[in-house]
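Below is one structure, written out as structure tokens; the observations come after it.
Just so you know, residue 1 is the first one in the sequence shown, and it goes up from there. The analysis underlying the following values was restricted to heavy atoms, covering all of them including side chains, and did not include hydrogens, waters or symmetry mates. Note that ligands are numbered from 1 as they come in the structure, with each ligand's atoms numbered from 1 the same way.
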Amino acid sequence: MRRICVFCGSNPGNDPHFMAGARKLGELLVSQGIGVVYGGGNVGCMGALADAALAAGGEVIGVIPQALQDRELAHPGLTSLHLVATMHERKALMAELSDGFIALPGGLGTLEELFEIATWSQLGLHAKPLALLNVHGFYDHLVAFLDQCETEGFVQQANRDTIIVESEAELALERIRSYTPPLVRKWIDKQEI
Ligand code: AMP
């Protein structure tokens, strides 16, 4: 596990737990020798995550579209900043650079990134772990809705199960480290290992 991509809000949110959760995750990743890949901004939870990881001496890689450099105030102190042409390039490069993904509280951009990575996993385009970090219950309703999607027959259990949900960053990271992709799991089951 060399690098984890973190999706999170470009706003701080109304509850101080969200910025604190971003800072805590940044510090935790560095303490476990894991580099951070993220959207490259210096605002909201994104900025808090990057600042905390940098202050702890970690590697922080930003990936930002040229057109968003000003709006999201590209962070000036990152280990490296990749400037890309489009949102699609941004997500593809963030995914390529990372061994797993964590979504912190955020808005539409964060949700879009989370679900794109989840659907890429469903399609077998990658087999990297993805965790939803449910800081202070922020994602409770979304988790309930995902369960409903499964109950109503729109999401298969195996695909629902690829989204790890934890409230504590340490536990999310532990589950990410021990994640077995569904296809490998099927194979292990068949071998009765
Ligand atoms: P938000 O959660 O809306 O504050 O956005 C968090 C991050 O997601 C910001 O860096 C946004 O630029 C980014 N974002 C928004 N929409 C997209 C998208 N369609 N693809 C990739 N990133 C996006």
Exercise. Can you sort out the partners of Glu170 under salt bridge (charged side-chain N to carboxylate O under 4.0 Å, His left out), two or more places apart, ordered by chain and number?
Key: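 So Glu170 forms a salt bridge (charged side-chain N to carboxylate O under 4.0 Å, His left out) with Lys24.
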Self-check item: Rounded distance [0.5 Å steps], CD1 in Ile117 versus CD in Glu112
Solution: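 Reported to 0.5 Å precision, the distance equals 9.5 Å.
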So is [X] touching ligand 1 or not, going by heavy atoms under 4.0 Å?
X: Cys8; result: yes
X: Gly9; result: yes
X: Gly39; result: no

Exercise. Give a yes or no on whether Leu93 and Met46 share a hydrophobic cluster (residues Ile, Leu, Val, Met, Phe, Trp, Tyr; joining criterion: side-chain heavy atoms under 4.5 Å apart).
Key: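 Yes, Leu93 and Met46 fall within the same hydrophobic cluster.
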Check: [Y] and [X] side chains under 4.5 Å, non-hydrogen atoms:
X: Ile102; Y: Ile164; value: no
X: Leu54; Y: Thr79; value: yes
X: Leu29; Y: Leu173; value: yes

Practice problem: May I ask which of His88, Met87, Lys91 has a heavy atom nearer to atom 23 (C) of ligand 1 than the others do? | Solution: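 It is Met87 that holds the nearest heavy atom.
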If you have a sec, work out which protein heavy atom is nearest [atom] and how many Å separate them, to one decimal?
atom: atom 22 (N) of ligand 1; value: Glu113 OE2, 3.1 Å
atom: atom 3 (O) of ligand 1; value: Gly109 N, 2.9 Å
atom: atom 13 (C) of ligand 1; value: Arg90 NH1, 3.3 Å

Using a strict 4.0 Å cut-off to heavy atoms of [X], name the atoms of ligand 1 that fall inside it.
X: Met46; result: 9 (C), 10 (O)
X: Leu68; result: 12 (O)
X: Glu112; result: 18 (C), 19 (N), 20 (N), 21 (C)

Quiz item: Hey, what's the ring geometry for Trp120 with His126, parallel, tilted or perpendicular (30° and 60° as the breaks)?
Solution: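 Perpendicular.
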Quiz prompt | Polar proximity ligand 1 side, Glu72 side, N/O cut 3.5 Å exclusive | solution =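 Min N/O separation from ligand 1 is below 3.5 Å for Glu72.
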Quiz item: Is ligand 1 under 4.0 Å from a heavy atom in the side chain of Glu116, in the backbone, in both, or in neither?
Solution: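 None of Glu116 does.
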Quiz item: For Leu123, does the CG atom have more than 12 heavy-atom neighbours from other residues, nucleotides or ligands under 6.0 Å away?
Solution: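 Yes, the 6.0 Å shell around CG holds more than 12 heavy atoms from other groups.
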